[in-house]
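Letters go in sequence order (proteins before strands), and every chain restarts at 1.
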Amino acid sequence: MIMNALVYDLFTSTLETMIPLLIVAVGAMICEKSGVTNIALEGIMIFGAFVGCWFVKIAEPQTLVLAAAQSNLDKSILFIEGALIGGIAGLLFSWLHAYASISMKADQTISATALNLVAPAIAIFVARSVIGGRHIEYKTTFKMAEVGALADIPVIGDLFFKNVNVGFYMGIVILLVAFVFLYKTKTGLRLMACGENPHAADSLGVNIYKIRYGAVLTSGFLAGMGGFIFAASVGKSFEGTVSGFGFLAIAVLIFGNWRPFRVLFAAFFFGLMKTIAISYSSIPFLAALNINTNLYKMIPYVATLVVLVATSKSSRAPKAAGKIYDQGTR
Amino acid sequence: MKRHDVMKRIGAFFKKIPAAFRAFFAGATFRKAMPSLVAIGAGLIFGIFTMFVIWLLVKVEVFNVINDPQLFRGIAKLLAGGFNKGMNSLGYMLYRAAPLILTGLSVGFAFKTGLFNIGAPGQLVFGALVAIILGVKLSIPAPWHWMLCLLGGMAAGSLWGFIIGFLKSVFNVHEVVASIMMNYIAMYFAFWSLDAFNLRHRFVDSITGQVSLAPYTETLAQTAWLPRGLANVFDGYTINIGILIAIAAVVVMYVILNKTTLGYQLKAAGFNRDASKYAGMNTKRDIMLSMAISGLLAGLAGAIIIMVPDKKMFTDQATMSSEFMSIGFDGISIALLGLSEPIGVGLAGLFLAYIRIGGDYIDQANYMKELADVITSVIIYFSALSVALYQFLQRRKKKKAADAAALTGGEER
């Protein structure tokens, strides 16, 4: 029985860790498949989390008692609103990357690096100037102890409907929508063509610039959303950092070899590693091994490098990713 | 008569200045540096504008702060930068510029050879880690100890860079992706090593005798600190020889890039890898070598940061990224601003340190010092844009000229 409870605990906290990774990695997947690399995800996540958390701070009930008394529905609505607003902030922020790398044909890695530098600087600067401290603290706990009657279903209830926030369901929906969009719609297939061979796609009348803009802004929206979901699941305050989750999401994408359901698996695996790194001492057989927590934290990155080496011949990476598209070079 | 002559000469000298200026502004160096200067100007204007907006918002009471910001004092403090407290703050500026210049050289050198070394943060952390291990564990006399630590840091950074180059040249793994992974591996590896090598500071409870571990390392042995002879010159600020090492590195990199066959070969590979391969150069070896040299510079920066009295490495991610890894990322900014040229990188590193110090002082005018980070990041964004912008303006100029020609042609008809 204790073992069971432990497994459920590990599982739910793995889900919690993996969801922001999944959402951001799906955004990165759409972006890269259109042929634009986006290593600005870290910065965009920070910006989305910053705006989203600030919104929550303003919109939530202003006393602790009232905040604690919110029903699951209230919490979920607040969460979704926060995520959407964080997403919109991320979208607007990623416009800078789209403008620089698509319209101005600047180097994609450089403009992304600039965004990664801008976001924490602005978040901390504005927070300190306006709120007076670098922390944005709010009072709502988004985690729902039980999701209505669904929590009573044996096993499944314990796995998916206890101790979760609504972000989990959003993540799954986003993954499915992205899959359908990419592989089952005309626009999605065109988008992938842009990433594989933009010149060929252009010659068939696809507007490369438009599609790439759309893809970068979508990834910005999802990254902003993921940033908020990260901040909302970690604690009740945002401190101007997303602890490298934006970069980890890129690793997830690579580990998942640019395929939606492998990305889901990769996100789960990385989430599990993060969870184990925190709570390995409560897992009997891992506690007996007594491996340093930092080695668990290292595994996702090492695994990604190993996968990159192993798949260097059979990589599904979009062929034109990272290359500037210029009609004139056709 | 004589006096008149002198005046005349002085007059002639001053008459020459505008011509010299013009020659300078028309010169190739200046034209190349123009995008960076425009970006710097844009960043500073953005910063000052932000200060104005905040001042205005407080003035019209959109939000309230305890101490009202003082606009003009703030701008003056920001622009005064490293001169705010005379020689003392100037010394502090040089102290902070040293690792920035080194990481800038690291990234810049990689750029020159056609590689994007975003892995400087990891190489820097690894260099700092080895310097700590050698600095804490060994006890040897002074000049040898700190020299050994520096060498250890360089070797470590070089190894970390080499791995990235190896993955790229042998397994075709893109260096940006490999770098990102190697950064995090370096960080967690460092945390692990601090435990594994017993480097963390121990508190011993005087009553119970219980030992507990601090969240930071021991400080280095005194013999491993960099010499601080320059402190007398800089009004008591404990500046060390880091800046001299950085200047030496600038000179060495300049010579390597511009005066040696090796530098020429590596640069050629940067221009066109296929062509240089066709010309018989070993491009795989070149990639590994470039990354190793690039990593060496970043590792040196890491060693310099840590080889300072009472400096510790903390065992949490936030401090690690703000104190060590961010310097590596700054290297990207500096390399971009300095156009990857060693001398340009030296100047850009000084500039970044200058504006950061200015940022430190603006809180005396009730602004937040993070403004300096906002300004530098805006500068980088603009410098990414400005090259493209220049091409755009050039095209527009040509188009305008063509339009004008067409227009006059039309009138004639």
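- Rounded to the nearest 0.5 Å, atoms CD1 (A:I122) and CG (B:L371) are 10.0 Å apart.
- Neither the backbone nor the side chain of B:Y367 comes within less than 4.5 Å of any heavy atom in chain A.
- Side-chain contact check for A:V309 versus B:V173: some heavy-atom pair is nearer than 4.5 Å.
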- request: Begin from the C-alpha positions of B:V177 and A:I254 and carry the test side-chain contact (heavy atoms from CB on, under 4.5 Å) through to its verdict.
  value: CA-CA 9 Å; B:V177 178; A:I254 297 164; 3.0 Å; yes
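- Using a 4.5 Å cut-off between heavy atoms, A:L115 touches chain B through its side chain atoms alone.
- Here CZ of B:F116 is found 6.0 Å from CD1 of A:I39. Values are rounded to the nearest 0.5 Å.
- Nearest approach of B:A178 to A:L305, heavy atoms of both residues: CA-CD2, 3.9 Å.
- By the neighbour-count criterion of 12 heavy atoms within 6.0 Å, atom OH of A:Y99 is sparsely surrounded, having that number or fewer from other residues, nucleotides or ligands.
- Within the 4.5 angstrom heavy-atom criterion, no atom of A:L248 approaches chain B.
- A 6.0 Å sphere centred on CZ of B:F314 holds more than 12 heavy atoms belonging to other residues, nucleotides or ligands.
- The side-chain heavy atoms of A:I110 and B:L336, taken from C-beta on, include a pair separated by under 4.5 Å.
- Minimum heavy-atom separation, B:Y381 to A:H97: OH-N, 4.4 Å.
- One distance of note links CZ of B:F191 with CE of A:M298; it measures 10.5 Å at 0.5 Å rounding.
- No more than 12 heavy atoms of other residues, nucleotides or ligands shown are found within 6.0 angstrom of NZ on B:K369.
- With rounding to the nearest 0.5 angstrom, the OH atom of B:Y188 is 4.5 Å from the OH atom of A:Y301.
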Return all side-chain donor-acceptor pairs below 3.5 angstrom for residues 180-187 of chain B, not counting sequence neighbours, or 'none' if the list is empty.
{"residue": "B:N183", "atom": "OD1", "partner": "B:G122", "partner atom": "N", "Å": "2.8"}
{"residue": "B:N183", "atom": "ND2", "partner": "B:I118", "partner atom": "O", "Å": "3.2"}

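- Among B:V378, B:V374, B:I380, the residue with the largest count of heavy-atom pairs under 4.5 Å with chain A is B:V374.
- Atoms OG and CZ, on B:S377 and A:F125 in that order, are 11.0 Å from each other to the nearest 0.5 Å.
- When each of A:T109, A:T113, A:T241 is checked for heavy-atom pairs under 4.5 Å with chain B, A:T109 comes out on top.
- In this structure, A:T293 OG1 and B:D195 CG are separated by 9.5 Å, a value rounded to the nearest 0.5 Å.
- A pairwise comparison of heavy atoms in A:N294 and B:W192 identifies ND2-N, 3.7 Å as the closest pair.
- For chain A, the nearby part of B:S333 is the side chain; its heavy atoms alone come within less than 4.5 Å.
- Each of A:N292, A:I124, A:T37, A:V126 has some count of heavy-atom pairs under 4.5 Å with chain B, and the biggest count is that of A:N292.
- In this structure, chain A has no heavy atom under 4.5 Å from any part of B:S321.
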